[in-house]
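Because the structure is predicted, anything quoted here is derived from the model rather than measured. Atoms within a ligand are numbered from 1 in the order they appear, just like the ligands themselves.
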Amino acid sequence: MSKILTIKYPEEHSSPAAARLHRKQRLAAAFRLFSRFGFDEGVAGHITARDPERADHFWVNPFGMHFGQIRVSDLVLVNHQGDVVEGEREVNRAAFAIHSQVHAARPEAVAAAHAHSLYGKSWSTLGRLLDPLTQDACAFYGQHGLFDDYTGVVLETAEGERIAQALGPTHKAVILRNHGLLTVGETVEAAAWWFITMERSCQAQLLAEAAGKPIPIAPGMAALTQTQVGSPVAGWFSFQPLWDRIVREQPDLLD
Ligand SMILES: [Zn+2]
């Protein structure tokens, strides 16, 4: 059995302030990584982290700031009405419309990530779920939904609510047709990792289908593999080497 199943989360935080700082640091690191992977597209994209004390508030990137320059001190706190209650800058209205509804519908989801990454948005135009073509893609087997509609830039919470319904009560991701990917996690680390590996799973399936007729992993084995590579703790653990790398390379993200 996979060694990854023996991995456990670290100790609980000693205070809400410590938990908040931890989440904000991982959130800033996730933006730097999204930039490193080329997931930025102008001002599009947002990753959110629920505040540990005010459960209907979340931390998010300031609108119009490049992922690659975001520091902990740049993050803004948004309340359930979309008002910025901490921070100097504006929030993207689409970020509020989508993420507020996802966080409301999924109380266990600490974080949600969305960006207009190239392979995710390319795959999204096909209106299909990902197939279990690789071990990595099995993380999403039976664990992602399809928002099979496109109605313009999401500016209303009613549309965010429809996206949250497509995500469903247990999935870790949803493909937004003609738009891109959205992932959630019970940690910032997991939500960011699911986005990174889902983007690459989209790339892998596009490459494989362009080259021939790929052979999927059989359903029973795909379901087993999902429990091995697709658990919340596996998502958290997979992020750790990326965290170590980006903090060493770009320590100013912690400012
Ligand atoms: Zn978008």
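- By the 6.0 Å contact criterion, CD on Glu90 is open, its count of non-hydrogen atoms from other residues, nucleotides or ligands being 12 or less.
- Looking at Glu249 and Arg32, no side-chain N of the basic residue comes within less than 4.0 Å of a carboxylate O on the acidic one, giving no salt bridge.
- Between the side chains of His114 and His179, at least one donor N or O sits under 3.5 Å from an acceptor N or O.
- Residue His179 approaches the Zn ion (ligand 1) most closely through its N/O/S atom NE2.
- Judged purely by distance below 3.5 Å, without hydrogens or angles, the side chains of His80 and His57 never pair a donor atom with an acceptor atom.
- Atom NE2 is the N/O/S atom of His114 found closest to the Zn ion (ligand 1).
- Closest approach between the Zn ion (ligand 1) and any N/O/S atom of His116 involves NE2.
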